[in-house]
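Have a look at the structure below before the remarks.
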Amino acid sequence: MAEAWLMDPAGTEPRSPCRLRPNVPVPPAALLRLGVRHWKLNADDYENDPELGAIRKELGYSYMDIITIRKDAMPDYEQKLASFYKEHLHRDDEIRYVLDGGGYFDVRDEAERWVRVAVRRGDMITLPAGIYHRFTLDDNNYVKVMRLFAGDPVWTPYNRPSDDLEERKEYEHKFLGRSG
Ligand SMILES: CSCCC(=O)/C(O)=C/O
Ligand SMILES: [Fe+2]
């Protein structure tokens, strides 16, 4: 599993690890309870990787593209990064496979704390529809990511608060044990 920890709410540099002192690790089982799944894959051979092929087949991830997030490679780099780091949710699962570089997905836990998940080359992660989250590069300022989707892709972020969306209610019911 990718390494995860509770974020220091007083952290002022989003692209640094922002760990509490002492560090408070978040184990894989706790991430799974929030609906966050992870695979470690062979990024050296992603075009022919049978393991990736099997995951895509099993979960119906028919769509894929590859994006590079780096100042010289992405139009509207600053605006895009700012929007990725705004707390938001999606109405579909967010499925990302890091082919190079790295970054952090922050997800809200059941107590509304930020859990920081470090993703590096070879990490594939899925965030369930309805989970509040955000993304930042790490201090190397570069990531190359495969985006996957089941069906025709929709990337729309819904900034918090979006508690009235059906997918948010379903997420709260399924993963946070909240009724409503
Ligand atoms: C790391 S892929 C770009 C970020 C993104 O698409 C997203 O929705 C972040 O939460
Ligand atoms: Fe997102």
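Both ligands and their constituent atoms are indexed starting at 1 by order of listing.
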Residues two or more places apart in sequence or in another chain: which of them pass salt bridge (Lys or Arg N to Asp or Glu O under 4.0 Å) with Glu94?
->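 Testing Glu94 for salt bridge (Lys or Arg N to Asp or Glu O under 4.0 Å), a comparison that skips the adjacent residues, returns Arg96.
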Quick check: are there more than 12 heavy atoms from other residues, nucleotides or ligands sitting under 6.0 Å from NZ of Lys40?
->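 Check passes, neighbour count above 12.
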Which ligand 1 atoms are under 4.0 Å away from a heavy-atom of [X]?
| X | answer |
| --- | --- |
| His88 | 8 (O), 9 (C), 10 (O) |
| His133 | 10 (O) |
| His90 | 8 (O) |

Acceptor/donor pairs from residues 102-111 side chains to any protein atom, 3.5 angstrom cut, sequence neighbours excluded:
from: Asp106; atom 1: OD1; to: Arg116; atom 2: NE; distance (Å): 2.8
from: Asp106; atom 1: OD2; to: Arg116; atom 2: NH2; distance (Å): 3.0
from: Asp106; atom 1: OD2; to: Arg134; atom 2: NE; distance (Å): 2.8
from: Asp106; atom 1: OD2; to: Arg134; atom 2: NH2; distance (Å): 3.3
from: Arg108; atom 1: NE; to: Glu87; atom 2: OE2; distance (Å): 3.0
from: Arg108; atom 1: NH1; to: Glu112; atom 2: O; distance (Å): 2.6
from: Arg108; atom 1: NH2; to: Glu87; atom 2: OE1; distance (Å): 3.0
from: Asp109; atom 1: OD1; to: Ala111; atom 2: N; distance (Å): 2.8
from: Asp109; atom 1: OD1; to: Glu112; atom 2: N; distance (Å): 3.0
from: Asp109; atom 1: OD1; to: Arg113; atom 2: N; distance (Å): 2.8
from: Asp109; atom 1: OD2; to: Arg113; atom 2: NE; distance (Å): 2.8
from: Asp109; atom 1: OD2; to: Arg113; atom 2: NH2; distance (Å): 2.8

Nitrogen or oxygen atoms of Arg147 and ligand 1 under 3.5 Å apart |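 Between Arg147 and ligand 1, no N or O pair is found under 3.5 Å apart.
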Do ligand 1 and Glu94 have nitrogen or oxygen atoms that lie under 3.5 Å from each other?
->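 Yes, Glu94 has an N/O under 3.5 Å of an N/O on ligand 1.
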For salt bridge (charged side-chain N to carboxylate O under 4.0 Å, His left out), just list the numbers for Asp8 and Arg19, CA-CA rounded to whole Å, side-chain angles, deciding distance to a tenth of an Å, and then say yes or no.
-> CA-CA 5 Å; Asp8 179 358; Arg19 295 174 192 272; over 6 Å; no
Is it possible for you to check whether Arg56 lies under 6.0 Å from the centre of the six-membered ring of Tyr61, through NZ or CZ, and within 45° of that ring's axis?
->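 Cation-pi check for Arg56 and Tyr61: fails.
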Please write down residue, atom name and distance for the protein heavy atom closest to atom 2 (S) of ligand 1.
->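 Answer for atom 2 (S) of ligand 1: Arg96 NE, 3.2 Å.
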Do the side-chain N and O atoms of Asn42 and Asp45 include a donor-acceptor pair separated by under 3.5 angstrom?
->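 No - no donor-acceptor pair under 3.5 Å links their side chains.
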Test log, rule salt bridge (charged side-chain N to carboxylate O under 4.0 Å, His left out), inputs Asp163 and Lys169 | CA-CA 7 Å; Asp163 298 339; Lys169 291 182 192 156; over 6 Å; no
Going by the angle between their ring planes, with limits at 30° and 60°, are His133 and His90 parallel, tilted or perpendicular?
->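 Tilted.
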State if Phe84 counts as touching ligand 1 under the rule of any non-hydrogen atom under 4.0 Å.
->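 Contact present.
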Determine all donor-acceptor pairs shorter than 3.5 Å in which one atom belongs to a side chain in residues 138-152; sequence neighbours excluded.
from: Asp138; atom 1: OD1; to: Asn140; atom 2: N; distance (Å): 2.9
from: Asp138; atom 1: OD2; to: Arg120; atom 2: NH1; distance (Å): 3.4
from: Asn141; atom 1: OD1; to: Arg15; atom 2: NH1; distance (Å): 2.5
from: Tyr142; atom 1: OH; to: Asp100; atom 2: OD2; distance (Å): 2.9
from: Arg147; atom 1: NE; to: Asp65; atom 2: OD1; distance (Å): 2.9
from: Arg147; atom 1: NH2; to: Asp65; atom 2: OD2; distance (Å): 2.8

Around the Fe ion (ligand 2), list the protein N/O/S atoms within a radius below 2.8 Å, excluding water molecules.
->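 Protein N/O/S atoms under 2.8 Å of the Fe ion (ligand 2): His88 NE2, His90 NE2, Glu94 OE1, His133 NE2.
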